[in-house]
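Notes to accompany the following structure.
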Amino acid sequence: GTSEKTPVDAGTTAMDGKTGSQGITSGMEAVDGLEANAPEAPTTTGADVKIGFVSTGVLGDKALTDTTWAGLNKLKDDYPDVEIKIYESPNGTTDWEPNIIAASEWADLVIVNASSCGEILLSVAERFPDVYYVANEFPVEDNPQFASDVYTCNEVSFLLGCLAGLFTQNTDIPGINEEHVVGYISGMEAPTTLDYFTGFEAGAKFTCPDVTVLQSWTGSYTDPLLAKEMTKGMISQGADCILGCISSAVVGVFEACDEADIYSFGLDTNKDADYEGTIITSGLKCGDVTSYKFGKEFIEGTWKPGFILMDCASGALDITDMATIKEYLQMDVIDDYYNQVIGIRDDLRAGEIEVPYIPAARGEE
Amino acid sequence: MLKVKSEKFETTIRIVLAFVFSFVLFGVVIAICGHNPIDAFYQLFRGGFGSKFNFGSLIEDFIMILTIASAYSLTRRIGYFNLGLEGSFYLGAMFSAAPAFLLPDLPKIVIIPLSLACGFIVAALYGSICGILKAYYNVNEACTTILMNYVAIFFCDFMINNVWVSPGSPIPQTPYVQENAMFAKLPLSPSRASTAIFIAILVYIFVYFLSFRTTFGFKIRNVATNARYSDTVGIKSKRVVLATVMLSCGLGGIAGGLEVLGIYGTFIQNFSQNSAFQGIIACLLVNNNLALVPLSSFFISFTRAGGSGMEYYTGISSALIYTVTPLMILFVSMEKMFDYKRFFGFVRKIFVRNKENNLKA
Amino acid sequence: MLANWSEILEKIFSYTLIHDGFVAAVPIFYACMCAVISRQANIVNIAAEGILMFGAFFGFAASYFTGSWICGVLAGMVIGVLVSWFMGKAYLNYKVNIFVVGLSVNMIAASGTRFLLNTIFGANGNFVSDKVQAIAKVNLGFLNKNPVLASLFSGYAVTDLLIIPLVIVVWYMFYKTVWGLRLRSVGLNPMASMTAGIDVKKKQMQALLLSGACAGIGGAHLSLGYSCFFIEGMSGGKGFMGMAAMQFGNANPLAAGVGCVFFGMSQSVASRIAPWGIPNQFVSMFPYVATTLVLAITVIIQRMKRRREESALVGKKA
Amino acid sequence: MQQQKTVEMKNIHKQFPFVKAVDGARFDLFKGEIHSLIGENGAGKSTMMKILYGMYPIDQGEIFLNGEKVDLSKYNTHSAIQHGIGMVHQEFMLVKEMTVLENIILGVEPTKGNSKMALDFTAARKKINHYIENYQMNVHLDRKVLNISVGEMQRVEIIKALYRGADVLILDEPTAVLTPQETDKLFEILDIMRKDGVTIVFISHKLKEVMAISDRISVMRGGRYVATVDKSDTTIPELAKMMVGREVFLDGKRSMVEMGEPVLQVKNVYVPSERELSKNRDISFVVRAGEVLGVAGIDGNGQSELGEAIAGLRPVEKGEIILGDKVISNKAAHYVRDCGLAHIPEDRNDRGLNKEHTVTYNLVAAEIGNAPFSKYGIISEKEMRKVSEERIERFDIRPRDPRNLAMGFSGGNAQKIVVARELGAPGKKLLLAAQPTRGVDIGSIEGIRKLIDQAKREGLGVLLISADIDEILALSDRIIVMYEGRISGEVVNDENLTDEKLGMLMLGGESDAKSEV
Ligand SMILES: Nc1ncnc2c1ncn2[C@@H]1O[C@H](COP(=O)(O)OP(=O)(O)OP(=O)(O)O)[C@@H](O)[C@H]1O
Ligand SMILES: Nc1ncnc2c1ncn2[C@@H]1O[C@H](COP(=O)(O)OP(=O)(O)OP(=O)(O)O)[C@@H](O)[C@H]1O
Ligand SMILES: [Mg+2]
Ligand SMILES: [Mg+2]
């Protein structure tokens, strides 16, 4: 990875606020309001800090890597003396530890998308007692070196599942078949991806009790061809709304759905316009906001270790306004569905609905 | 006799030229990409030797590459194109980990040899599949070994997802091995370089000794050059081929074991990204000259560690250096291309002709 | 769940499998033709994998910059020819072991395309763009009323369909033309061909260039027809499966084609079984295991057949 | 005989990596003559002819075809064929997996209509049938080459050359693998060709044949030209002397030894083979100590398979082979050797030698696992060196340096390395010698035959497999003849035995002598 990269295709990240940003803006306020219960603050602060970002994948995933990096770039714009550097992991697993070490050798604050490499991160951090860390999507509590956050992925995928359940019953919508089958595709069965699945399944059952939710695990987050082939297989089994929770390989899911004229969902950033007419909506996650927030706090000396749960109620998660699909399909029923799901979202925020989740994803047990 | 010597000398010079050419090419590409080649080379060097971490990373790679290069050189000798080392690397790693997390805590002296032996045996058995197909049925090994690699990798995947699951781990991996099974770390922290390096060196010495000092090595060298002759003089060539392939794959398995017990402490999914091919490169780069294998292994480890260093420090993609190394193999194998004598002859000709023309004018 | 197994099986083996399986087989087909042509000239070309990669990248890049898929396919073909020309030089003129050449080309392709992707498009790993024109799809609108016919005969990319004439032409060239006769003789006994006045090196070079062109088109098909994006390592073993199909068909284009279809089908079946809870690793492994088994079984049967034929206890008895 | 010279080669030099193969030799051809080229192994005969056929570029020299000097920088096989030169090589240059027809037309294929690609087999057949009828050369056009006999392959090669319009035909040791009858048939064909105006170069080690067919004879030695003589002006001893540079005696009397116990018993053995005619069926015989049993027969009638079965290199499907008192059928070659077999394989370049290894390694390879050469699996180069030096001395292998690669040795000396490995080792009971002097020059033949005879005197049983009737007659005490994988007859080698009688047995016995050649 290089330090000179600008965020890829900024139009699709949540930063520019062009599309589907209402959730994010409120999220910004909400996140600012969050207080981590923290023991002590770091001493190394100032405008000339070095911030390293280790991603478990590569830039261009239009997901957490891109948004986190976009947040850091915005930080760089606001504080020109800050040095930022990204450590990408094109080789996956084997790159993580060396990257975290290399980042720790160089930076004062290391931000890591740690949903898969949390254990490694903890063990490396022991070797660098002077460095501070932010663990995205990996809960670390009671460690003075760490600030950490976890998104309630099950909630956002619950909303998507609700939409999928509604869509698959309505054969008036072009491409929807008689059967009530929807699908979920992901790479590996990790707590986070299982959390997504649990929410999605619960959502689909919420709006369509007799739905069958298929799941396929490709074993790789970086192989869209495989994802495409698996999606095709799933489509042939009758699925007509498919959630691909598979990082950069998601383009394979989109393409297969697009070719078969059925429906899919974006994740993390607003992808509604990428495959127009295929993507019902995108589940949004404000990775840029969090990285900006942590970076800014670190510079200003207000950074505190501790754990934050970013849930729907905090506004950190949301869905888009579905303008693209409404325009594409020109059906009134879509508006109904949107309003219905927004209602469910508000119920979620109010705590009136409880979505099942995977405890391991939140560091429980 | 003198003639042979001078020919050897010329070959050496041509090979050196091939290396130089590769590096010049490397520099030119860097310059085209808008970076300073000198700085890049400096960073490459720094990436290999700049800090304890850099040098430690180099040693981490060296352990694996030297072991695999030694393993590969065995099969290379008999003309068996053993691409299956990647698969044995995986299997060896997983099955080395297995006793170390399944059994209760045992003393180091017991558990490490036991683990490595377990990896060795499974990898050797795996190698025997393609070995038998080649030796007894003459099925092209380039095809089968590549296919079997996929089978091995998916099999490991299956095991760590369904059988040897590490509870609560976000990525598929085996449980962590017991404390005593890990090799002690070299004083190169924060890198993960470990004393596994001594095993790697042992493996190399073993292969060297086996190839040139034992009857088995003698048989290998005979089968390599003429299998029908070997049969005639009473060497069971098919069995020698099979045994060599199994041994080679078994040593590949040990490389995997060293990786697990030296670095990770667990077997992780996709833990090697074609790493075994790096060892194969190291062997091919010196044309299977076993005496030079440690040197080339060190060189390849250096380009790997240096490459990522260079990427960290300058932003030039490390893919570039990974592109240049196989190119280097081709250039070195085509050493005749670097016929400096002809080149100088050519230059002289032009020079002389110019002079003559000048004289005429 | 168990009750509707038959229903599930029906879904898995429905008529759409033919379309999906064929489409999945096409990239393997191109790689296989590459392997077949070079094998007939007695060259075991393991570089199909690498050439697919080169073809995929340069085809994609050409389509990106020109906005035309035809340019993309041509670029794939040209790069395939160039790479195999280089291989030919190394193997034929400088006598480098063909496996070494092939392996190097594969590695250069893997990291070279990654480097170029990074330098030209600033992307790491994968790249999608609206500027890229995908290979045109042949849609027979009048079939749309009948879903079965539409699924069977419509919706293929041009390069999907191209493979059928390609296989037939290759077969005809091998067995019915002067060029093919000479090529096969070169493959079977180079010394004999040389004394018959055939330029062996030239023939082998021709075969290599042709096979490179096949794999190059296959690569462009991979990134422009089979899908419309470029990812690092997108050949994903298809070149090797093509080689295995070649071995399966004993370098006869038609028989090898049968192998390719088998592999394509097994991939499709695998992806259809996955949603029903069969571990994905076994599903992904299936085509590879099947290939290895088929390979092993064919040679063992061949061997047993030969044993029987060679036996002194059968045939002409006293 | 003042005719036009079709071919003239002057002052030809050719250097190979290890040897100077041709060193300033010359050669010429008159139109319509049969010109023999003779010389010891490695004299450069084949190389000289391959140069003429455009297969090797040369370092120095000139070639004139029909009086015109050829541009050697552009001269290759293709242009040689265009100049009407055809060559039948020592090793047949046929694509085994293809049919006879395809082999014949390869490189000069007729095409349909005005297309340049589509093959026209009908036209090809027509043209080939013309040659078949003209010269009475019986071949099966649709059989694959691997299914036809050696004699037929030879005829295919000749037709191939003629089909290309050859009027100069080079035959490199064409009779080495033929029976007397087949040789006679070949000579008839050559005779008709000569009358048709075809010019023929004939290379052979068999001086009788040379005297029978040639008009002129050229002799080469060590890459140099020695002399050219008219047939009428010379005799066999004179030719032999010119070739070797000294007098040669081939008809040394074989020694008579007291026969002992049976060392080899072959009982009703069946051996598989790729070729129908070579499958061994129901073979039985016994070899006693102190006896040479000759196995005669046309090449490809199962002798090679029999040899390999005894040596443990080929399975035995039925029956039993006993060496000394141990059953050796279906045992590994290593075991058979330990039981006392010495084996000179029929092809020294393939099974006999590892050309890429040193003489030392070649001399001890069969005993490498045994006591002095290795201990606990670790080899001792010193012991190997010591023993190999002894053997080089004892078997007179030249040059003497054991560090040389086997690659660089001439045919005769290379064969001596094989013999030294096999007979130099202690504890041998049986010598299986397959084609021990094939393609070896007269000087070396003399030496090798002496060694075989000496082995017999030392009490070994000898099984001699040879396609060369003279050799069989010169060495054997008893002779069995193989035909189509069976033993067609057994005779004692005494004054009553004639070439003709043996020849008849080699064709399957008197009754069906005329059946198939
Ligand atoms: N391809 C080759 N490469 C290197 N050396 C060769 C090659 N062919 C022949 N020679 C060398 O050239 C010399 C002449 O060989 P050539 O085959 O012409 O002899 P010859 O007279 O035909 O012998 P023979 O009676 O054995 O056929 C041999 O001594 C051999 O060492
Ligand atoms: N490629 C080669 N490189 C070096 N020497 C060779 C090569 N080919 C042949 N020779 C040498 O040429 C000599 C003659 O070659 P050839 O192959 O004709 O064998 P030969 O032993 O003379 O038997 P034959 O008469 O049956 O051919 C051999 O002694 C061999 O050492
Ligand atoms: Mg439905
Ligand atoms: Mg010769």
Side-chain angles (χ1 to χ4, degrees), chain A residues 1-5 52 56 58 85-106 114-121 123-128 131 137-138 187-195 217-223 358-361 363-365, chain B residues 33-35 47 50-54 56-58 60-61 64 150 153-154 156-158 160-162 165-173 176 185 188-192 259 263-275 304-305 307-319 322:
Chain A
T2 78
S3 54
E4 286 129 81
K5 294 236 174 67
T56 43
V58 292
K85 201 175 258 192
I86 181 171
Y87 297 80
E88 292 174 82
S89 306
N91 294 330
T93 336
T94 41
D95 284 347
W96 297 343
E97 188 166 353
N99 275 344
I100 297 173
I101 297 178
S104 307
E105 284 222 314
W106 177 79
S115 63
S116 317
C117 59
E119 295 293 329
I120 299 174
L121 176 59
S123 81
V124 174
E126 275 174 29
R127 281 174 255 171
F128 294 92
V131 179
E137 295 204 295
F138 180 76
M188 302 165 194
E189 297 180 49
T192 313
T193 51
L194 285 170
D195 205 31
W217 304 90
T218 67
S220 157
Y221 293 102
T222 49
D223 188 347
I358 302 286
E364 296 172 15
E365 282 176 345
Chain B
C33 294
H35 295 276
S51 71
K52 266 172 145 187
F53 168 59
N54 297 132
S57 309
L58 190 158
E60 280 173 31
D61 282 346
M64 170 195 80
Y150 287 101
I153 294 169
F154 284 125
C156 292
D157 249 28
F158 172 79
I160 52 179
N161 275 297
N162 297 289
V165 188
S166 174
S169 156
I171 47 167
Q173 62 181 39
Y176 279 89
K185 295 269 181 287
L188 287 170
S189 179
S191 83
R192 303 163 295 176
E259 197 85 343
I263 296 180
Y264 298 106
T266 168
F267 173 80
I268 318 171
Q269 182 174 46
N270 292 341
F271 91 122
S272 145
Q273 302 282 335
N274 288 341
S275 309
R304 273 168 69 95
S308 22
M310 188 182 70
E311 187 167 319
Y312 293 148
Y313 304 132
T314 68
I316 301 166
S317 168
S318 62
Y322 293 140

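These numbers come from the heavy atoms of this one structure, side chains and all, not from hydrogens, waters or symmetry mates. Throughout, protein chains are lettered first and strands after them, A, B, ... in sequence-line order, and every chain is numbered starting at 1. Quick caveat: nothing in here was measured; it's all calculated off a predicted structure.
For S57(B), no part lies near chain A; criterion is any non-hydrogen pair under 4.5 Å. In this structure, no portion of F138(A) lies under 4.5 Å from any heavy atom of chain B. Within the 4.5 angstrom heavy-atom criterion, only backbone atoms of S115(A) (N, CA, C, O) approach chain B. With a 4.5 angstrom heavy-atom cutoff, Q269(B) touches chain A via backbone and side-chain atoms both. With a 4.5 Å cut-off on non-hydrogen atoms, N99(A) touches chain B through its backbone and its side chain both. For chain A, the nearby part of S272(B) is the backbone; its heavy atoms alone come within less than 4.5 Å.
T94(A) has its side chain within reach of Y264(B): a pair of non-hydrogen atoms, C-beta onward, lies under 4.5 Å apart.
Rounding to the nearest 0.5 Å gives a distance of 10.5 Å between SG of C117(A) and CD1 of I268(B).
Contact between Y176(B) and E119(A) at its shortest, heavy atoms only, is OH-CB, 4.3 Å.
Shown here are the side-chain hydrogen bond (donor to acceptor under 3.5 Å, both in side chains) partners of Q173(B), two or more places apart in sequence or in another chain: there are none. In this view, E97(A) and R127(A), R192(B) satisfy the salt bridge (charged side-chain N to carboxylate O under 4.0 Å, His left out) rule, not counting sequence neighbours.
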